[in-house]
Amino acid sequence: MTSMAGIRAISTATSSQVAKGTRKTSQIPVRISIKRRSDAFAKATFEADGGLNESASNDNARALELKRTLKESKPEISSKDSSTLPRPLTASDLSNSVNRSRLRVAYQGLPGAYSESAAAKAYPNCEAVPCELFETAFDAVDRWVVDRAVLPIENSLGGSIHRNYDLLLRYGLHIVGEVKYAVRHCLLANRGVQIEDLKRVLSHPQALAQCEHTLTKLGVVREAVDDTAGAAKFVATNQLQDAGAVASSLAAELYGLNILARDIQDDSDNVTRFLMLAREPIIPGIDRPFKTSIVFSLEEGPGVLFKALAVFAMRDISLTKIESRPQKKRPTLISVDVCSGSPKYFDYLFYVDFEASMASQNAQNALRHLEEFAKFLRVLGSYPMDVSQA
């Protein structure tokens, strides 16, 4: 259980320093790729731009083939020479510190992904570094290969990105900010291809779900791939004449595709919230609106969650989000009353965001109170709220 000294440490922590090194790097941004770090890495899949959806069983073989082809094919992009796009790094590159003059910010996905645009909004003029997996981005920050990571945590239509909640607990990174980005889906195709020529449309499962009405009217087959920019790259690389992609306007520019239709999402209010992650926390203040994110676990018992949330209510602290996740290492516990017919129950972690700075006495008192009966408590970050328009 975290001590209050640990909780208060966030108020006095200093900003992270850029790692020093001697190896020179290419001027061209490179895409980070880790072959294997753990079993979790081997099983991990792309989750960029949202969660999973269910495809018909007869589409599974085609989707798997598309994923295999995406990894094996060598693009011949007409818009920009492929040498100007990020290239994969090896695992050994992640273990070396690098010299750099600009802030390097990791994001998940291929160039042209919405996450890249969110990284640019969070850190203007940064060097955006694409990563294959969410784990890769976390690991890149942890190993000093990049300075920050900008990763999605929830979408207004698709909900929470659970994978990143789990990774926040696994890694010791700190949330230093948030940024909201409005997702505007476009229908892309190769030059000369018209909407009526399309027989199928490729994209991330959530992007396809967010454009359900438009795609249904077109009568096209929907095929899921790892991310939106990857779909655009696949269509362009293979010069497909009967297929389009749902992706960003930036992806159209990068991969030389035409935009057949803009803003094809079913709901115009489609906003993704991204977290800005760093190795060290920032010093919280009270000069502007702040948000604090924590994670904790509780003993099983009647009213225990109510008591935990009451520590905020009694101090007029507003909660903006609560997310529960089963503990990975100990998902179930044995109940004391085994005769009740329910010998096991889930052991949960609770992720909570609340509107207060750790620099305020109110927030410190609330966490001190919570610590009295929480089995585990950790502050993930205290950071300025994004009050700008998405």
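These values consider heavy atoms only, across backbone and side chains, with no hydrogens, waters or symmetry-generated copies. Every value quoted in this text rests on a predicted model; they were computed, and no experiment measured them.
Between Leu305 atom CG and Ser324 atom OG the span is 8.5 Å, to the nearest 0.5 Å. To the nearest 0.5 Å, atoms OG (Ser115) and OH (Tyr107) are separated by 8.5 Å. Interatomic distance, CG of Leu198 versus CG of Leu187, reported as 5.5 Å (0.5 Å rounding). For the atom pair Ile317 CD1 and Leu309 CG, the distance stands at 12.0 Å (nearest 0.5 Å). A distance of 11.5 Å separates CG of Leu218 from NZ of Lys199, quoted to the nearest 0.5 Å. Remark: Asn164 CG to Arg170 CZ distance equals 11.0 Å, nearest 0.5 Å.
Using modelled atom types and a 3.5 Å distance limit, the side chains of Gln327 and Asp347 yield a donor-acceptor pair. In this structure, a donor-acceptor pair under 3.5 Å is present between the side chains of Gln210 and His185. Side-chain polar atoms of Arg315 and Asn362 form no donor-acceptor pair below 3.5 angstrom. A side-chain N or O of Lys321 and one of Ser160 form a donor-acceptor pair less than 3.5 Å apart. For the residue pair Asn270 and Asn155, a side-chain donor N or O sits within less than 3.5 Å of a side-chain acceptor on the partner.
Using cut-offs of 30° and 60° for the angle between ring planes, the His369 and Phe373 rings count as perpendicular. By the 30° and 60° cut-offs, the orientation of the rings of Phe274 relative to Tyr181 is perpendicular.
Under a cut-off of 6.0 angstrom, the local environment of CG in Asn125 is sparse, with at most 12 non-hydrogen atoms contributed by other residues, nucleotides or ligands. Within a 6.0 Å radius of CD1 in Ile322, more than 12 heavy atoms belonging to other residues, nucleotides or ligands are found. The local environment of CD in Gln389 is sparse, with at most 12 non-hydrogen atoms from other residues, nucleotides or ligands closer than 6.0 Å. Residue Lys307 places its NZ atom among 12 or fewer non-hydrogen atoms of other residues, nucleotides or ligands, all under 6.0 Å distant.
Salt bridge Asp166/Arg325: present, at least one basic N to carboxylate O contact under 4.0 Å.
Arg279 is not listed as a side-chain neighbour of His174, based on a closest heavy-atom distance of 4.5 Å or more. Residues Val105 and Leu103 have side chains in contact (heavy-atom distance under 4.5 Å, counting atoms from C-beta outward). Phe354 has its side chain out of reach of Thr320: every pair of non-hydrogen atoms, C-beta onward, lies at least 4.5 Å apart. For the pair Arg104 and Val129, the minimum side-chain heavy-atom distance is below 4.5 Å. With contacts defined as side-chain heavy-atom distances shorter than 4.5 Å, the pair Val141/Leu173 qualifies.
Residues satisfying the side-chain hydrogen bond (donor to acceptor under 3.5 Å, both in side chains) test with Arg273, not counting sequence neighbours, are Glu154, Glu178, Asp353, Tyr383. Every residue meeting the ring-ring contact (aromatic ring centres under 6.0 Å, His included) condition with Phe138, not counting sequence neighbours, appears here in chain and number order: Tyr171. Taking the side-chain hydrogen bond (donor to acceptor under 3.5 Å, both in side chains) definition, one finds that Thr216 meets it with Glu212, sequence neighbours left out.
With Thr237 contributing its side chain and Lys233 its backbone, the two residues share a donor-acceptor pair below 3.5 Å.
Under a hydrophobic clustering in which Ile, Leu, Val, Met, Phe, Trp and Tyr are joined whenever their side-chain heavy atoms come within less than 4.5 Å, directly or via other members, Met314 and Phe296 fall into different clusters. Both Tyr165 and Val176 belong to a common hydrophobic cluster when Ile, Leu, Val, Met, Phe, Trp and Tyr are linked at side-chain heavy-atom distances under 4.5 angstrom.
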